[in-house]
Amino acid sequence: MAKEMLKGNVAIAEAAVRAGMEAYFGYPITPQTELLEHLSKRMVEEDRVFVQAESEVAAINMVYGAACTGKRVMTSSSSPGISLMQEGLSYIAGSYIPTVIVDVMRGGPGLGNILPSQGDYWQVTRMAGHGDYRPIVLAPASVQEAIDFTILAFDLAEKYRHIVVIAADGQIGQMMEPAELPVMRPPSTEVPHWALSGAKNRPPNVILSFNLNGADQEKVNIAIQERIALIKAKEQRWVEHYTEDADLLVVGYGTTGRIAFTAVETARENGLKVGLLRPQTLFPFPDDRISELTDNIKSCLVVEMNAGQMLDDVRLAVGGQVPVGYYGRMGGAVPMPEEILEAVEAEYAKLQGV
Amino acid sequence: MQEQFVFSGFGGQGVMFVGQLLAYAAMDNSFEVTWIPSYGPEMRGGTAHCTVVISDRPIGSPIVQNPKVAIAFNNPSFDKYVSVASELFVYNSSMVDSTCQRSDITALPVPATALADKLGSLKLANMVMLGALLTVHPVLSISAIRDALDIHIPSHHRNLLDLNYQALDVGMQHVMQVPLF
């Protein structure tokens with residue numbers, strides 16, 4: 001298929017339709033609204049379910065119910081809306097129901113503003129809902145990745161019966177870039193064995209995130225953790241640039257990952273041995289690769305649009321072997337390549353003992 | 001090669017569309033390109049802008065501190081971007097009261113609204129500006145823009161295609177007649 005100029009939000013929405021999403025529930029919020037707007041038209045055209053719920057709390061519970069049928073189901077929102085969904089997400093996690101959640105992050109805390117942010121890193125990678133679970137989190141850095149990760153999100157959600165969050169930011173949502181959409185994949189007619197699909201001629205399935213018996217609940221927890229261990233072993237994704245001889249490793253994801261790429265290229269032109277690792281999965285975090293790279297680098301610099309959240313994960317991966325610096329902006333401010341370059345040069349100067 | 005453009009003006013002046021058109025033409029001519037709008041408080045009344053980056057290599061940052069080219073359609077945009085442009089500053093002198101005094105960059109005043117008015121529609125000012133801009137700074141040819149317009153103009157505006165072509169030409173001719181300073 002030919003490339004089209006697509007806005008990130010629209011690209012995610014259309015990719016979900018083409019991935020065979022059969023039901024969408026959501027509530028408008030900037031900077032994600034074009035996603036819902038596109039689906040309000042396309043889902044009707046495809047004779048599928050589109051509901052603008054009365055709130056994000058309602059939307060996530062509709063997602064829970066619809067996803068119990070084994071169909072592909074999604075919701076999308078931006079930061080304050082994702083906060084409202086946490087209780088529902090905890091119930092979904094406790095029931096091992098595959099769902100896809102899109103968070104087009106904006107400035108916070110509170111209503112904050114509508115500008116790009118990565119302030120939800122902890123919320124999406126740890127989950128703020130109660131209990132003990134972690135979703136898979138994909139962080140696109142371009143419109144093309146937003147499309148590819150939407151398809152991947154549905155596949156991973158089904159494969160692991162797990163929540164998958166697409167963690168984009170306002171800039172990815174609003175930006176237009178040439179990108180290629182996949183061909184239309186018709187919704188699957190296969191019904192998963194666990195799904196609530198009518199119990200005629202078989203024992204009924206029960207989906208519940210509730211166990212009064214303590215021992216039974218621990219079995220649920222162990223099953224969830226086994227899945228998470230498998231996800232950690234199999235699904236770490238990232239891209240690297242100039243890492244082969246890097247003394248300083250820059251780590252950034254999504255929008256900051258691509259801005260850091262510009263800064264790293266300029267640093268290389270200036271003769272600095274700087275590399276970039278851009279995590280594509282925030283959970284599972286690519287800590288195996290970062291740990292490997294730590295043997296050869298002298299220092300690390302984390303860049304984010306928050307006060308330093310992925311910073312924790314990088315520190316864990318690096319295990320105290322090299323210093324880990326940080327540069328970030330908050331409240332909807334997007335760092336310019338020049339700012340990141342300055343931070344890179346400052347970090348690099350420390351290595352030279354200047 | 002990398003080119004950066006900021007288009008800025010009031011809502012309704014076609015600032016977002018003219019940026020998108022440039023982006024479409026860049027894509028159709030096999031360049032890497034990004035288009036990003038302002039969608040913040042300025043979209044809710046006041047001056048809005050979009051940034052277009054065109055490159056022959058993958059684009060890192062879609063926003064830049066000092067775009068090579070800034071295009072201002074009104075007074076607030078003039079004030080905001082006159083000191084920001086690093087190579088070329090194009091402004092709609094029909095709507096802007098000031099004159100660009102910088103000597104380190106090329107300044108190009110275009111009476112775009114007045115020229116558009118002569119064509120019969122003030123809404124064509126954006127195409128006049130683009131025609132003038134690409135004549136001074138030929139990142140893409142006017143014919144590439146014409147092709148992109150033909151492909152991407154919304155169907156309900158298709159009857160305005162010829163007028164848009166004319167507006168591009170008027171912008172181009174204006175620049176060829178006026179010496180730069």
Side-chain angles (χ1 to χ4, degrees), chain A residues 2-9 30-34 78 104 106-107 112-116 141-144 169-180 239 241 250 252 255-267 276 278 303 331-342, chain B residues 1-7 15-45 48-68 84 86 140 145 147-149 151-154:
Chain A
K3 282 194 173 181
E4 302 166 55
M5 279 297 281
L6 290 167
K7 194 176 236 206
N9 284 333
T30 308
Q32 145 310 138
T33 298
E34 295 90 351
S78 178
V104 184
R106 63 187 243 179
N113 63 20
I114 60 178
L115 297 168
S142 65
V143 174
Q144 188 63 58
D169 60 71
Q171 184 160 305
I172 298 293
Q174 293 295 322
M175 181 172 59
M176 284 178 96
E177 270 187 316
E180 199 173 336
V239 291
H241 303 279
V250 178
T255 282
T256 33
R258 70 184 281 163
I259 299 172
F261 174 70
T262 302
V264 166
E265 287 221 303
T266 314
L276 173 70
R278 177 168 66 77
V303 287
V334 179
M336 294 286 174
E338 293 85 351
E339 290 172 60
I340 298 179
L341 180 63
E342 231 171 83
Chain B
M1 155 275 191
Q2 195 186 90
E3 297 286 337
Q4 308 112 12
F5 303 84
V6 171
F7 295 90
V15 167
M16 297 295 173
F17 179 74
V18 76
Q20 278 182 13
L21 183 62
L22 183 66
Y24 281 125
M27 176 184 73
D28 295 345
N29 285 274
S30 305
F31 286 105
E32 300 281 344
V33 61
T34 57
W35 173 92
I36 186 159
S38 58
Y39 65 93
E42 59 269 56
M43 285 294 279
R44 284 135 173 93
H49 68 270
C50 65
T51 304
V52 178
V53 178
I54 299 176
S55 179
D56 52 9
R57 305 199 44 226
I59 296 165
S61 178
I63 47 165
V64 281
Q65 208 157 310
N66 292 102
K68 281 193 182 172
V84 168
S86 67
L140 290 159
I145 299 293
D147 292 345
L149 253 178
I151 299 169
H152 303 289
I153 199 167

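Chain letters run A, B, ... following the sequence lines, proteins first and then strands; every chain starts at 1.
- Separating the CD atom in E339(A) from the OG atom in S61(B) is a distance of 10.0 Å, to the nearest 0.5 Å.
- Contact annotation: the side chain of M176(A) never approaches that of V33(B) to less than 4.5 Å [non-hydrogen atoms, C-beta and beyond].
- When all heavy atoms are compared, the tightest approach of K7(A) to W35(B) is CE-CZ3, 4.2 Å.
- Under the 4.5 Å side-chain criterion, counting only non-hydrogen atoms from C-beta, Q20(B) is not in contact with M5(A).
- Side-chain atoms of Q2(B) and T262(A), non-hydrogen and from C-beta on, never get closer than 4.5 Å to each other.
- Taken to the nearest 0.5 Å, the CD1 atom of I36(B) stands 9.5 Å off from the CD atom of E177(A).
- Between M175(A) atom CE and I59(B) atom CD1 the span is 9.0 Å, to the nearest 0.5 Å.
- Of the listed residues (G60(B), P58(B), A23(B), C50(B)), the one with the most heavy-atom contacts under 4.5 Å to chain A is G60(B).
- Closest approach of V64(B) and M336(A) over heavy atoms only: C-SD, 3.6 Å.
- Interface residue Q171(A): backbone and side-chain heavy atoms are both found under 4.5 Å from chain B.
- Other residues, nucleotides and ligands contribute more than 12 heavy atoms inside 6.0 Å of the CD atom of Q65(B).
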